[in-house]
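Accompanying notes for the structure given below.
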Amino acid sequence: MIKAYADNISVPYKYIFYPLLSTIGSLIGVNGKVLIRDGWTEPSCFWVLVAARKGEKKTACANLLKGTVQKSIEEDIIQQQLIENAGDG
């Protein structure tokens, strides 16, 4: 998926991967933990920076991720509403 998105807008895959990693961490939430190994967990907070020259489509990558994540969240909300409405009737 990452390579396909990167190829689609002609950017290195890193421009997509690292912001996506950070986005996933934020979706886990403040109480979420990542298990590194037995006995070692870390908060799901990932700080990333995509550094590139002007015109290298950094904003296009951010907008692509934002749109994709927002669409997924909206679909989840709709699905949850359908489940709740099915239980009401």
Side-chain angles (χ1 to χ4, degrees):
M1 176 186 103
I2 294 168
K3 184 167 176 10
Y5 279 133
D7 290 348
N8 187 44
I9 57 176
S10 302
V11 297
Y13 77 92
K14 296 173 187 179
Y15 285 20
I16 302 286
F17 176 74
Y18 293 113
L20 180 61
L21 182 64
S22 179
T23 302
I24 290 168
S26 71
L27 292 173
I28 292 171
V30 295
N31 294 322
K33 301 276 185 197
V34 176
L35 177 64
I36 306 300
R37 64 173 185 239
D38 287 342
W40 180 13
T41 61
E42 293 289 337
S44 63
C45 178
F46 303 100
W47 294 92
V48 300
L49 169 71
V50 175
R53 288 186 164 79
K54 182 178 178 179
E56 292 193 17
K57 301 182 182 177
K58 299 176 301 294
T59 301
C61 294
N63 290 340
L64 175 68
L65 287 172
K66 178 183 172 189
T68 302
V69 170
Q70 186 172 359
K71 181 180 176 187
S72 178
I73 290 170
E74 289 169 357
E75 289 172 355
D76 287 348
I77 290 170
I78 290 169
Q79 183 67 28
Q80 185 62 35
Q81 289 172 342
L82 289 172
I83 291 169
E84 289 172 4
N85 290 341
D88 292 340

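- Scored by the side chain to side chain donor-acceptor pair (under 3.5 Å) test, Gln80 finds Glu84 as partners (sequence neighbours excluded).
- In this structure Lys3 satisfies the salt bridge (Lys or Arg N to Asp or Glu O under 4.0 Å) test together with Asp7, sequence neighbours excluded.
- Heavy atoms only, all atoms of each residue included: Lys58 and Arg53 are closest at NZ-O, 3.1 Å.
- For Ile78, the side chain to side chain contact (heavy atoms under 4.5 Å, CB included) criterion is met by Leu82, not counting sequence neighbours.
- More than 12 heavy atoms of other residues, nucleotides or ligands sit less than 6.0 Å from atom CG of Asp76.
- For Val11, the side chain to side chain contact (heavy atoms under 4.5 Å, CB included) partners two or more places apart in sequence, or in a different chain, are Ala6, Ile9, Tyr15, Ile16, Lys57, Cys61.
- The two atoms that bring Ile2 and Phe17 nearest to each other are CD1-CD1, 3.5 Å, heavy atoms only.
- The side chain to side chain contact (heavy atoms under 4.5 Å, CB included) test applied to Thr41 returns Lys33, Leu35, not counting sequence neighbours.
- Cluster membership for Tyr18 and Trp47, using ILVMFWY side-chain heavy atoms within less than 4.5 angstrom, is not shared.
- By the side chain to side chain contact (heavy atoms under 4.5 Å, CB included) test, Gln81 pairs with Ile77, sequence neighbours left out.
- Partners of Glu42 by side chain to side chain donor-acceptor pair (under 3.5 Å), not counting sequence neighbours, listed by chain and number: Trp40.
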